[in-house]
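Quantities reported herein were computed from a predicted structural model and do not represent experimental measurements.
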Amino acid sequence: MERRIRPFDHDRDLDDVVRIWREVRWIESGAEHAKAVGLFLEDVDSEVGTLDDTPECLVVRRPGRITYDTTDLPLVAVAAVTTSHVGRKLGFASTMTARAVAAGGHGGAAVAALGMFEQGFYDRFGFATGSYDHRAAFDPQTLRVGHIPYRTPVRLGPEDASDMAAALRNRMAHHGAVTLDGDAWQRAEISWIEDPIALGYRDETGELTHFLAGSLKEEHGPLDISMLAYRTIEELMELLRLLRELGDQVRSVVMNEPPMVQLQVLLDTPMRHRPQTRLPGSESSYVAWWQLRILDLAACVAARRWEGEPIAFDLRLSDPVADHLDAADLGGWTGIGGDYSIRIAAESTVDSGHRGGLPVVECDVGALTRLWFGVASAAALAVTHRFSAPSDLVDRLDHAFRLPPTVPGIYF
């Protein structure tokens with residue numbers, strides 16, 4: 001059988017991709033779910049791995065941005081890595097994921113990110129685990145937001161997907177926030193929500209400013225919130241007040257804790273109510289479901305603005321994605337491994353080669369990414385990852401990269 005990797009053709013390949021997604025149970029049978037797959041694959045760069053020209057694997061690249069502290073960096077989201085039962089163990093997923101990373105790097109993305117099915121598989125391409133999402137469960141009637149004026153929300157549906165996508169792009173910035181370009185993916189995401197509920201608020205011009213969306217399968221919950229967008233803390237509080245009013249019926253809400261807000265302090269006697277409001281599928285948890293990696297070292301270094309005493313070091317960086325790429329493909333991008341000299345300061349810089357006379361950090365790109373985004377300290381990385389540096393430099397790096405949690409704020 002002839003194996004080949006080629007660009008995804010929407011008209012030619014969509015039915016086969018739908019077949020793959022149904023085969024692996026990503027979607028259910030029915031025209032509505034198939035239509036959503038078509039929407040998801042609009043206006044993106046995708047590749048398929050084929051056997052005798054029949055698609056058996058799909059990898060999608062979607063452009064966007066990620067906020068690093070206060071700087072927006074171009075991002076490529078590697079999404080929907082899906083292999084049929086027939087196409088497994090043929091190297092499609094590994095080769096095509098590496099190609100997606102290389103295409104992002106060659107195309108100018110500074111960072112790549114993906115949602116992982118399990119930790120470990122994507123490490124071979126330089127990806128490293130991101131920060132935890134705190135999945136909080138609570139009785140909405142215990143929210144201490146009664147002082148917030150209540151306004152009647154508007155009901156939202158698939159026809160409002162473009163407005164929801166815009167609201168997500170315009171939402172309040174925070175470290176690690178991910179936004180994706182385009183609108184079609186949002187129409188797909190809304191279509192895939194089972195038993196959906198979506199409510200929000202528009203301003204006097206009709207613009208959707210803040211909203212929440214999720215799934216309510218049973219009368220009393222849990223209400224599982226999967227999308228949340230707001231531009232200000234005040235708008236977040238209004239959404240929480242909306243949830244409180246739904247508490248007449250809904251006994252449990254499950255949602256990712258919003259960045260910069262600790263939900264527990266907004267609850268009335270949270271410890272007392274916790275065992276009384278637990279419904280099936282309604283429990284708090286911590287999980288790191290996503291991974292990221294640096295693609296453009298210069299862009300990521302420049303984004304770190306450190307007002308403390310400048311730190312200079314030489315870096316010997318390895319990038320495992322190079323083992324999965326042919327230098328002749330995708331513009332010759334084969335990762336960012338090499339020797340560098342880095343200075344962390346109010347205006348951080350990176351130069352090729354070692355300057356000499358400086359302490360040396362040796363690590364792979366995954367460890368460097370976790371340090372750079374503040375996901376893990378240098379001291380911890382020295383124990384858990386391939387990361388070595390003099391102890392006094394480790395201490396200084398730990399001070400320079402004390403950043404808030406790197407929270408994407410959306411699923412991808």
Side-chain angles (χ1 to χ4, degrees), residues 65-75 105 108-113 126-132 172-179 259-260 288 290-319 336-409:
R65 68 178 189 269
I66 184 170
T67 301
Y68 182 96
D69 195 11
T70 59
T71 300
D72 283 344
L73 295 172
L75 171 88
V111 180
F127 286 96
T129 302
S131 296
Y132 286 127
M172 187 176 186
H174 61 268
H175 181 62
V178 169
T179 58
M260 301 177 287
W290 70 297
Q291 293 188 305
L292 72 167
R293 59 150 293 159
I294 293 171
L295 297 178
D296 185 333
L297 185 61
C300 290
V301 168
R304 184 69 194 123
R305 297 182 178 90
W306 167 243
E307 299 298 337
E309 184 70 23
I311 303 171
F313 61 93
D314 285 338
L315 172 67
R316 178 159 290 123
L317 184 65
S318 61
D319 191 341
I336 59 172
D339 290 344
Y340 302 93
S341 183
I342 292 180
R343 185 172 187 270
I344 306 169
E347 294 186 6
S348 298
T349 58
V350 57
D351 295 307
S352 297
H354 285 178
R355 200 175 85 184
L358 296 175
V360 177
V361 173
E362 292 192 40
C363 65
D364 60 32
V365 67
L368 183 67
T369 299
R370 299 195 86 210
L371 171 69
W372 213 264
F373 277 81
V375 176
S377 68
L381 290 169
V383 177
T384 62
H385 288 65
R386 184 180 174 275
F387 184 96
S388 66
S391 58
D392 58 340
L393 177 58
V394 167
D395 291 341
R396 297 182 70 195
L397 290 173
D398 283 348
H399 281 87
F401 290 98
R402 287 178 178 169
L403 292 160
T406 309
V407 179

A.B. asks: Do you know the tightest heavy-atom contact between Pro359 and Pro390?
C.D. replies: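 Distance-wise, the nearest heavy atoms are CB-CG, 3.8 Å.
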
A.B. asks: Between atom CG of Leu73 and atom CG of Asp296, what is the distance when rounded to the nearest 0.5 Å?
C.D. replies: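 Reported to 0.5 Å precision, the distance equals 8.5 Å.
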
A.B. asks: Is it true that a side-chain atom of Asp314 and a backbone atom of Gly356 form a donor plus acceptor pair closer than 3.5 Å?
C.D. replies: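 Yes, Asp314 side chain to Gly356 backbone: donor-acceptor pair under 3.5 Å.
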
A.B. asks: How close do Tyr132 and Ala288 get, counting heavy atoms only, and between which atoms?
C.D. replies: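 Minimum heavy-atom separation between Tyr132 and Ala288: CD2-N, 3.5 Å.
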
A.B. asks: Using side chain to side chain contact (heavy atoms under 4.5 Å, CB included), reason through Gln291 and Thr369 one step at a time and then give a plain yes or no.
C.D. replies: CA-CA 10 Å; Gln291 293 188 305; Thr369 299; over 6 Å; no

A.B. asks: State which residues pass ring pair (Phe, Tyr, Trp, His ring centres under 6.0 Å) with Phe313; sequence neighbours excluded, sorted by chain then number.
C.D. replies: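 Phe313: no ring pair (Phe, Tyr, Trp, His ring centres under 6.0 Å) contacts found.
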
A.B. asks: Do Leu75 and Leu292 come close enough that some side-chain heavy atom pair is under 4.5 Å?
C.D. replies: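 No, side chains not in contact.
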
A.B. asks: Where do Met260 and Ala173 come nearest, in terms of heavy atoms and distance?
C.D. replies: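 Of all heavy-atom pairs spanning Met260 and Ala173, the closest is CE-O, 4.0 Å.
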
A.B. asks: Stepwise, does the side chain to side chain contact (heavy atoms under 4.5 Å, CB included) test hold for Leu368 with Leu297?
C.D. replies: CA-CA 10 Å; Leu368 183 67; Leu297 185 61; 3.8 Å; yes

A.B. asks: Do the non-hydrogen side-chain atoms of Val111 and Phe373 ever get within less than 4.5 Å of each other?
C.D. replies: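 The answer is yes, as the side chains (C-beta and beyond) meet within the 4.5 Å cut-off.
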
A.B. asks: Please check: side-chain N/O of Trp372 versus main-chain N/O of Phe401, any donor-acceptor pairing under 3.5 Å?
C.D. replies: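 No.
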
A.B. asks: For a 4.5 angstrom cut-off between non-hydrogen side-chain atoms, does His174 reach Thr67?
C.D. replies: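 They are not in contact (no side-chain heavy atoms under 4.5 Å apart), so the answer is no.
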
A.B. asks: Between Arg343 and Pro310, is there a side-chain heavy-atom distance shorter than 4.5 Å?
C.D. replies: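 They are in contact (side-chain heavy atoms under 4.5 Å apart), so the answer is yes.
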
A.B. asks: By salt bridge (charged side-chain N to carboxylate O under 4.0 Å, His left out), which residues pair with Arg396, not counting sequence neighbours?
C.D. replies: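 Residues passing salt bridge (charged side-chain N to carboxylate O under 4.0 Å, His left out) with Arg396: none at all.
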
A.B. asks: Quick one: are Ile336 and Arg293 in side-chain contact, heavy atoms under 4.5 Å?
C.D. replies: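 Heavy-atom side-chain distance check passes, below 4.5 Å.
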
A.B. asks: For the residue pair Thr179 and Asp72, establish whether any side-chain heavy-atom pair is separated by less than 4.5 Å.
C.D. replies: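 The answer is no, as the side chains (C-beta and beyond) never meet within the 4.5 Å cut-off.
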
A.B. asks: What closest approach, in Å, do Pro404 and His175 show between heavy atoms, and which atom pair accounts for it?
C.D. replies: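 Closest approach of Pro404 to His175: O-CD2, 3.1 Å.
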
A.B. asks: Can you tell me how far the CG atom of Leu317 sits from the CD1 atom of Ile342, to the nearest 0.5 Å?
C.D. replies: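 Result: 8.0 Å between the selected atoms.
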
A.B. asks: Which atom names give the shortest non-hydrogen contact between Ile344 and Ser348, and what distance separates them?
C.D. replies: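 Looking at all heavy atoms of both residues, the shortest contact is CA-OG, 3.4 Å.
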
A.B. asks: Do the side chain of Ser131 and the main chain of Pro405 share a donor and acceptor less than 3.5 angstrom apart?
C.D. replies: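 Side chain of Ser131 to backbone of Pro405: no pair is present.
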
A.B. asks: If every non-hydrogen atom of Ala109 is compared with every non-hydrogen atom of Leu295, which pair is closest and at what distance?
C.D. replies: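 Looking at all heavy atoms of both residues, the closest pair is O-CB, 3.4 Å.
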
A.B. asks: Is the backbone of Asp351 close enough, under 3.5 Å, to the side chain of Ser341 for a donor and an acceptor to pair up by distance?
C.D. replies: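 Such a contact is absent between Ser341 side chain and Asp351 backbone.
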
A.B. asks: Tell me if a side-chain donor or acceptor on Arg370 pairs with a main-chain N or O of Thr129 at a distance below 3.5 Å.
C.D. replies: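 Answer holds: yes.
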
A.B. asks: Indicate yes or no: at least one non-hydrogen side-chain atom of Ile311 is less than 4.5 angstrom from one of Leu393.
C.D. replies: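 A side-chain contact exists here, since the closest heavy-atom pair is under 4.5 Å.
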
A.B. asks: Does any part of the side chain of Cys363, heavy atoms only, come nearer than 4.5 Å to the side chain of Leu381, both counted from C-beta?
C.D. replies: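 A side-chain contact under 4.5 Å is absent here.
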
A.B. asks: Is the CZ atom of Arg355 crowded by more than 12 outside heavy atoms at less than 6.0 Å?
C.D. replies: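 No, because the 6.0 Å sphere around CZ of Arg355 holds 12 heavy atoms or fewer from other groups.
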
A.B. asks: Go through the steps for Val301 and Tyr340 under the test side chain to side chain contact (heavy atoms under 4.5 Å, CB included), then give the verdict.
C.D. replies: CA-CA 11 Å; Val301 168; Tyr340 302 93; over 6 Å; no

A.B. asks: CZ/Arg386 to CG/Asp364 distance, rounded to the nearest 0.5 angstrom?
C.D. replies: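 Reported to 0.5 Å precision, the distance equals 6.0 Å.
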
A.B. asks: Please check if atom CD in Glu362 has more than 12 non-hydrogen atoms from other residues, nucleotides or ligands closer than 6.0 Å.
C.D. replies: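 For Glu362, atom CD is crowded (more than 12 foreign heavy atoms under 6.0 Å).
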
